[in-house]
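Every chain is numbered from 1 and lettered A, B, ... according to where its sequence line falls, protein lines coming before strand lines.
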Amino acid sequence: MSIDDKNYNLSVELDKIHLRNPTMLASGILGISQSIFERLYNENIGAVVTKSISVDPMKGYPNPTVIPLGCGSYLNAVGLSNPGLHAFSKELSQNKNIPIIISLVGSSEKEFSKMVKVFDSLNILGYEINLSCPHVSKMGMEVGDDPEAVSKIVSTVRMNTNKPISVKVGVGSVDVVELSRIAIDAGANMITAINTLRAMSIDVETMMPILSNRIGGLSGSAIKPIGIRCVYEISKKLQVPVIGCGGVSSWQDVIEYMIAGASAVQIGSVLGSRGPRIFNKITQDLKKYVEKKRVANISEIIGIAHRY
Amino acid sequence: MSIDDKNYNLSVELDKIHLRNPTMLASGILGISQSIFERLYNENIGAVVTKSISVDPMKGYPNPTVIPLGCGSYLNAVGLSNPGLHAFSKELSQNKNIPIIISLVGSSEKEFSKMVKVFDSLNILGYEINLSCPHVSKMGMEVGDDPEAVSKIVSTVRMNTNKPISVKVGVGSVDVVELSRIAIDAGANMITAINTLRAMSIDVETMMPILSNRIGGLSGSAIKPIGIRCVYEISKKLQVPVIGCGGVSSWQDVIEYMIAGASAVQIGSVLGSRGPRIFNKITQDLKKYVEKKRVANISEIIGIAHRY
Amino acid sequence: MPTDIDKRRIVQIEEIISETPTVKTLVFKDRLSYFAKPGQFLMIWIPRIEEIPMSVMINSKEGYAAVTIRKFGVGSTALFDRKKGDLIGLRGPYGNRFILRKKYRKILIIGGGTGLVPLLRLVSFASKVKVRSTIVIGAKTKAEVFFEKVTRNIIRGNNSSLLVCTDDGSYGIKGTTVTLMGKLVRDESFDCVYTCGPELMMKAVLDISNQNSIPVQASLERYMKCGIGICGSCCLDSSLVCQDGTVFDGRQLSKMLDFGFSYRDKDGQKIHYK
Amino acid sequence: MPTDIDKRRIVQIEEIISETPTVKTLVFKDRLSYFAKPGQFLMIWIPRIEEIPMSVMINSKEGYAAVTIRKFGVGSTALFDRKKGDLIGLRGPYGNRFILRKKYRKILIIGGGTGLVPLLRLVSFASKVKVRSTIVIGAKTKAEVFFEKVTRNIIRGNNSSLLVCTDDGSYGIKGTTVTLMGKLVRDESFDCVYTCGPELMMKAVLDISNQNSIPVQASLERYMKCGIGICGSCCLDSSLVCQDGTVFDGRQLSKMLDFGFSYRDKDGQKIHYK
Ligand SMILES: Cc1cc2nc3c(=O)[nH]c(=O)nc-3n(C[C@H](O)[C@H](O)[C@H](O)COP(=O)(O)OP(=O)(O)OC[C@H]3O[C@@H](n4cnc5c(N)ncnc54)[C@H](O)[C@@H]3O)c2cc1C
Ligand SMILES: Cc1cc2nc3c(=O)[nH]c(=O)nc-3n(C[C@H](O)[C@H](O)[C@H](O)COP(=O)(O)OP(=O)(O)OC[C@H]3O[C@@H](n4cnc5c(N)ncnc54)[C@H](O)[C@@H]3O)c2cc1C
Ligand SMILES: Cc1cc2nc3c(=O)[nH]c(=O)nc-3n(C[C@H](O)[C@H](O)[C@H](O)COP(=O)(O)O)c2cc1C
Ligand SMILES: Cc1cc2nc3c(=O)[nH]c(=O)nc-3n(C[C@H](O)[C@H](O)[C@H](O)COP(=O)(O)O)c2cc1C
Ligand code: FES
Ligand code: FES
């Protein structure tokens with residue numbers, strides 16, 4: 001792809017991972033189809049993170065599962081629906097050059113080791129462990145809120161792979177920096193911050209909760225200032241790459257996350273209004289930015305805000 | 001005031017407090033002047049909560065302290081600036097009929113008892129204890145994240161007054177329902193939820209954090225779905241009045257909070273775009289709502305969402 | 001940025017039309033739906049039960065629209081069972097639309113079941129701009145034929161024709177829409193074929209159109225959660241049916257490996273059409 | 001909803017005019033500020049140092065505006081020390097404005113120090129609609145007089161007059177703006193008096209206007225954090241200077257107990273003017 005050469009100055013390094021640019025697909029967004037991953041790659045994305053995969057297929061919650069709230073914010077409780085380990089490893093089996101990170105979710109160490117054993121032979125960059133889904137019991141946040149479980153799960157994944165591991169944290173009842181530290185100590189190579197925040201929306205006319213699960217996760221523009229804060233705090237305290245996530249919808253948002261300390265950013269909700277093209281748009285805009293600012297490589301700006 | 005009779009069907013009860021309607025001023029918003037409180041009362045407000053007051057005057061952080069983020073959201077780190085116990089008790093000394101709740105902030109039990117001893121002789125409805133300011137060390141959230149400190153402070157205030165006490169909780173590292181339970185067990189009569197969420201904004205052009213304190217609290221529309229969720233969860237578990245707060249800007253938002261379980265709501269950030277008149281506007285709209293829906297008293301809708 | 005169409009409206013069902021024992025049309029007032037383009041769909045919220053995608057049915061009253069449901073599983077049955085005066089929620093209309101090129105004079109419409117819904121909006125539009133339509137409505141048997149009267153009303157005075165066929169010959173022409181289409185394109189020339197209905201029917205329509213070099217457009221269905229291009233549940237090859245579709249043209253359809261072959265279930269696993 | 005004006009713009013200082021040893025005007029390009037109304041102010045961000053309210057100074061270039069700072073404490077000194085090419089942030093313009101009624105033919109302007117900034121925007125506007133202004137600029141001493149030339153340029157050819165006075169008589173007329181105003185209103189008639197400057201001066205201007213039954217408008221200053229009606233730090237009796245003001249008329253001012261009497265400090269405590 002000639003895109004790569006032209007974007008030389010947008011490349012970033014995440015542990016052992018080299019990305020042609022810092023944009024990534026956030027987990028759970030369009031994340032179950034190899035054909036879609038290929039399309040996103042043609043839209044110049046840096047890497048894709050898959051939907052969080054569990055050992056067994058999960059149907060998730062009934063609809064409504066996704067609610068647009070206006071102003072670029074969304075509420076969702078899809079309930080981690082996913083095709084499961086086997087169907088998904090088949091889905092990715094033909095992957096050659098798409099930079100894919102598999103997101104994993106589960107409730108026991110055994111489940112995680114089972115998945116990594118299967119996925120590790122695929123052509124993938126690494127893993128993201130989802131410890132922060134705010135609306136599924138016994139998975140996600142309930143694990144993330146239990147420091148001991150986090151440590152055990154991360155160590156288990158570490159023991160079963162040499163590929164880089166990111167742990168995805170959220171705003172739960174363990175401090176985000178503390179949780180990140182536990183994950184890193186247990187063998188994670190980097191941190192993704194943040195997942196959605198536990199939230200709810202009730203219809204005033206019918207007086208009923210809208211999501212079938214009642215409570216879900218808030219994403220999009222609303223959470224950007226919280227994501228920026230988390231990335232800033234984590235990157236200030238820990239010497240590992242941080243992947244920023246939450247409310248990115250433009251090149252300015254990417255830069256804001258990077259200045260705050262992110263080495264790359266994940267993009268999700270904005271696809272609801274801008275479609276997959278947004279990746280190409282943002283990448284082109286970033287290119288203009290580094291050229292205008294005469295930045296030799298975009299990674300130079302990572303964490304600059306810590307100086308002030 | 002003839003307003004009272006006309007709005008008979010909007011009245012709500014919060015423990016021993018009777019309010020002519022469920023709208024309240026959120027703490028920290030226009031909250032230091034008796035003249036302003038009188039103006040708000042003429043705008044048909046249900047009650048005012050003052051700026052959080054500490055024993056000694058506090059200058060707060062240098063500007064910038066308040067940032068409009070667009071879409072009805074704001075970031076602030078005023079640093080609990082306030083005129084202190086003595087100047088403020090003088091400010092309120094002439095109060096007769098304005099329904100005022102004093103918000104208290106401090107770092108030790110002694111400070112709280114000192115304040116309550118002075119304020120208790122004023123014409124006020126009760127107290128709100130701020131345990132959730134996310135950007136001032138040793139006060140607010142750092143206290144709220146320490147269950148033992150919460151318990152001690154609330155008991156101390158309880159011992160020094162017979163007036164109703166609300167404890168204001170936020171999204172910190174103790175679960176909001178757990179924290180509320182601790183506060184109630186220690187003698188609080190009700191809960192205010194939620195305060196702002198720890199957040200940050202960095203200017204892309206200068207690459208510098210905008211707030212002088214770097215980190216502040218997110219308020220306004222962005223946090224409404226989180227506030228609704230907290231009110232829903234607290235009111236589901238605890239049998240005490242809950243005061244909803246966060247992102248209210250219209251009568252629909254008031255109703256949504258009440259359906260979720262709030263007995264009253266506090267309104268803050270929206271004053272930045274709508275001014276004090278918003279209270280009269282919302283109250284009139286609520287009146288139309290109860291008339292249209294033929295609700296005898298608005299309190300009938302409190303917590304209706306729990307049925308579904 | 002999410003726009004007006006994303007805002008949930010709560011509407012009252014003002015009229016219910018029973019089309020067949022298992023198909024009903026629910027009429028409601030909603031400006032955005034009234035202005036929906038042919039091929040667009042709504043996400044219909046049945047409070048505390050489901051939210052399902054439904055094409056926007058036309059209604060003769062200004063400012064009104066409708067949905068036509070076939071009773072099927074949990075969600076569609078709950079919607080089917082709504083009474084006059086009940087409340088449902090809507091967001092949308094979402095998706096792209098059938099395109100009627102300026103140069104088209106005569107078009108062929110092949111509809112099966114509720115697939116007629118988006119097609120009738122198209123026929124109505126074509127009628128207004130004086131494009132002649134030949135509409136083929138197919139059903140298994142007489143009892144399952146519906147929309148015949150509505151269609152006649154729409155095309156009245158426009159030199160268009162309506163052909164009804166049933167698999168068992170109990171009403172109209174005996175045979176499937178596909179066999180009928182084969183005959184029609186041999187005898188007459190059409191500028192474009194538009195279709196919506198069971199996927200295997202649409203696949204056959206695509207094949208015949210390709211063989212006869214007639215442009216074709218089809219409105220597809222896939223399992224949808226968000227309806228707006230976020231969740232990925234509606235993916236079909238590299239397309240998102242909710243955002244890139246629901247309407248695809250012959251060129252796009254011919255390249256798709258999944259079209260007429262497989263779809264994804266609620267958990268995202270691929271299932272093959274039998 | 002917060003609108004465009006709330007959006008922080010980062011602008012470059014393109015020109016610096018030294019008005020006196022302690023007063024400078026910084027010129028920048030910003031469309032919203034260019035269109036500011038007389039009396040409106042900006043919140044000026046000096047990155048990592050302060051954010052302070054500043055009236056919007058006019059600039060002759062299309063699309064440009066300026067601020068005129070008196071070096072004072074931390075924030076104003078930092079702004080004063082900015083160099084050409086430095087970046088500052090802006091939000092606003094905020095607040096209401098001076099009102100120039102259609103029927104006014106002749107107005108009196110009383111300005112002290114940087115209080116002239118909003119007044120010059122008013123004079124410029126008055127000039128355009130052919131209203132005659134008598135402008136009184138006051139300063140302690142000759143070295144502190146500024147804006148004389150700018151003002152002359154604005155009123156050129158408009159039959160308006162500019163009077164400069166100094167307390168020590170080192171330049172222009174000897175005396176304060178207030179004594180001069182006393183004389184002016186005795187000799188001539190004005191449709192309205194507009195003032196901005198030290199509060200005690202404005203208080204005296206209010207009193208004289210009331211005694212002579214002349215309408216008066218004053219642009220006030222209070223400590224401001226948010227500039228948009230949220231924090232309450234700018235409260236003056238039951239008004240918010242940032243949202244209800246900065247401009248108040250004689251009727252409002254006469255009812256205020258705090259005007260000319262007390263203001264609130266950074267912690268909200270009331271301080272009395274000495
Ligand atoms: C764009 C579009 C327009 C449609 N228009 C109409 C219409 O006008 N009239 C009509 O009767 N039907 C229409 N459908 C189909 C309709 O959405 C499904 O039949 C309906 O959702 C079934 O829901 P259920 O709860 O009854 O089924 P379930 O019992 O939940 O599932 C049965 C099957 O129904 C389908 N289905 C269920 N939920 C969905 C969903 N959220 N999205 C897509 N398919 C689903 C799946 O194939 C599923 O296997 C349309 C579908 C799409 C995608
Ligand atoms: C609407 C308005 C318009 C103004 N226009 C101008 C102008 O055009 N030119 C000019 O030189 N000055 C103007 N000022 C005054 C200017 O804002 C203050 O002089 C400046 O903020 C001083 O800041 P500092 O950091 O230097 O002072 P500090 O050392 O922080 O404080 C000294 C004193 O300055 C004042 N001050 C400080 N910060 C603020 C603040 N945020 N808001 C209001 N007053 C403050 C207070 O009286 C304070 O006691 C205006 C003020 C207001 C409210
Ligand atoms: C519909 C939807 C589904 C999601 N599913 C997952 C998931 O499976 N695993 C996960 O780690 N995060 C999931 N997320 C969270 C996103 O990856 C991301 O952290 C969050 O949406 C914030 O980013 P955004 O504001 O760009 O959307 C999901 C978000 C949405 C909106
Ligand atoms: C400028 C500002 C100052 C605030 N100061 C306080 C405070 O002193 N004490 C407190 O408990 N909450 C304070 N808050 C939080 C509000 O009371 C409220 O919880 C929060 O703003 C959410 O409500 P809103 O979205 O309606 O603004 C402050 C909020 C703002 C915006
Ligand atoms: S339905 Fe969610 S992407 Fe299409
Ligand atoms: S400056 Fe905040 S209310 Fe006026």
Side-chain angles (χ1 to χ4, degrees), chain B residues 28-40 42 51 56-74 76 78 81-84 86-88 90-91 201 203-212 214 219-221 249 268-276, chain D residues 1-12 43-53 73-75 78 86-89 91-92 94 96 222-240 242-244 255-258 262 264-271:
Chain B
I29 313 295
L30 309 184
I32 51 163
S33 149
Q34 176 73 15
S35 312
I36 296 276
F37 297 160
E38 282 165 14
R39 172 175 173 186
L40 291 166
N42 290 332
K51 177 80 201 162
D56 295 319
M58 286 173 72
K59 284 218 184 313
Y61 301 126
N63 285 339
T65 46
V66 181
I67 309 175
L69 297 173
C71 270
S73 300
Y74 296 82
N76 91 83
V78 294
S81 70
N82 78 85
H86 292 293
F88 198 64
K90 206 173 136 201
E91 179 83 31
S201 181
D203 173 59
V204 169
E205 203 57 48
T206 60
M207 304 197 171
M208 294 178 185
I210 300 174
L211 291 174
S212 70
R214 293 175 190 84
S219 67
S221 308
S249 71
S269 300
V270 71
L271 273 83
S273 56
R274 307 290 301 273
Chain D
M1 287 287 121
T3 48
D4 265 343
I5 55 165
D6 275 335
K7 216 186 139 160
R8 188 175 308 271
R9 288 93 67 193
I10 304 293
V11 298
Q12 210 164 34
M43 293 300 292
I44 303 282
W45 182 43
I46 311 119
R48 293 319 300 152
I49 300 179
E50 254 289 357
E51 185 181 46
I52 54 179
V74 185
D86 282 355
L87 300 178
I88 55 173
R91 56 190 178 92
Y94 293 122
N96 69 356
R222 280 297 179 274
Y223 187 71
M224 290 184 181
K225 285 179 183 170
C226 70
I228 51 176
I230 287 183
C231 72
S233 63
C234 68
C235 62
L236 171 65
D237 288 81
S238 67
S239 293
L240 299 169
C242 69
Q243 206 177 48
D244 306 315
K255 277 190 282 187
M256 288 177 177
L257 301 175
D258 289 341
S262 65
R264 287 180 192 263
D265 211 347
K266 295 186 181 181
D267 53 22
Q269 288 189 78
K270 273 197 189 180
I271 314 283

- Sidechain-backbone polar pair: Asn63(B) side chain, Ile52(D) backbone, donor-acceptor under 3.5 Å: no
- Bottom line for Leu240(D): the part with an atom under 4.5 Å from chain B's heavy atoms is both
- Message: Please rank Leu211(B), Asp203(B), Val270(B) by heavy-atom pairs under 4.5 Å with chain D and give me the top one.
- Response: Asp203(B)
- Query: Who pairs with Lys59(B) by side chain to side chain contact (heavy atoms under 4.5 Å, CB included), at least two apart in sequence or on another chain?
  - Reply: Asp265(D), Lys266(D), Asp267(D)
- Query: With distance as the sole test, does Asp258(D) use its side chain to make a donor-acceptor pair with the main-chain N or O of Leu236(D) at under 3.5 Å?
  - Reply: no
- Among Ser212(B), Ala87(B), Pro62(B), which has the most heavy-atom pairs under 4.5 Å with chain D? Ser212(B)
- Item | Which of Cys242(D), Gly75(D), Ser239(D) touches chain B most, by non-hydrogen pairs under 4.5 Å | Ser239(D)
- Contacting moiety of Leu40(B), where chain D heavy atoms sit under 4.5 Å: neither
- Query: If you tally heavy-atom pairs under 4.5 Å against chain D, which of Met208(B), Glu205(B), Lys90(B) wins?
  - Reply: Met208(B)
- For chain B, the option from Lys270(D), Met43(D), Lys225(D) that forms the most heavy-atom pairs under 4.5 Å: Lys225(D)
- Side chain, backbone, both or neither: which part of Asp244(D) has a heavy atom under 4.5 Å from chain B? side chain
- When only pairs under 4.5 Å are counted, which of Ser33(B), Ser269(B), Gly31(B) shares the most heavy-atom pairs with chain D? Ser33(B)
- In terms of heavy-atom pairs under 4.5 Å, which option from Asn82(B), Thr206(B), Thr65(B) contacts chain D the most? Asn82(B)
- Item | side chain to side chain contact (heavy atoms under 4.5 Å, CB included) partners for Asp56(B), two or more places apart | none
- Item | Check: Gly89(D) main-chain N/O paired with Arg91(D) side-chain donor or acceptor under 3.5 Å | no
- Item | Asn76(B), part contacting chain D, at a heavy-atom distance under 4.5 Å | neither
- Residue among Met58(B), Arg214(B), Gln34(B) with most heavy-atom pairs under 4.5 Å to chain D: Arg214(B)
- Task: Identify the two heavy atoms, one from Arg48(D) and one from Ile210(B), that lie closest to each other, and give their separation to 0.1 Å.
- Result: NH1-O, 4.0 Å
- Salt bridge or not for Glu91(B) and Lys51(B), using N-O below 4.0 Å? no
- Item | Residue part contacting chain B, namely of Glu50(D), when any heavy atom lies under 4.5 Å | both
- Query: Are the side chain of Gln243(D) and the backbone of Ile228(D) linked by a donor-acceptor contact shorter than 3.5 Å?
  - Reply: yes
- So, does Arg8(D) use its side chain to make a donor-acceptor pair with the main chain of Pro68(B) at under 3.5 Å? no
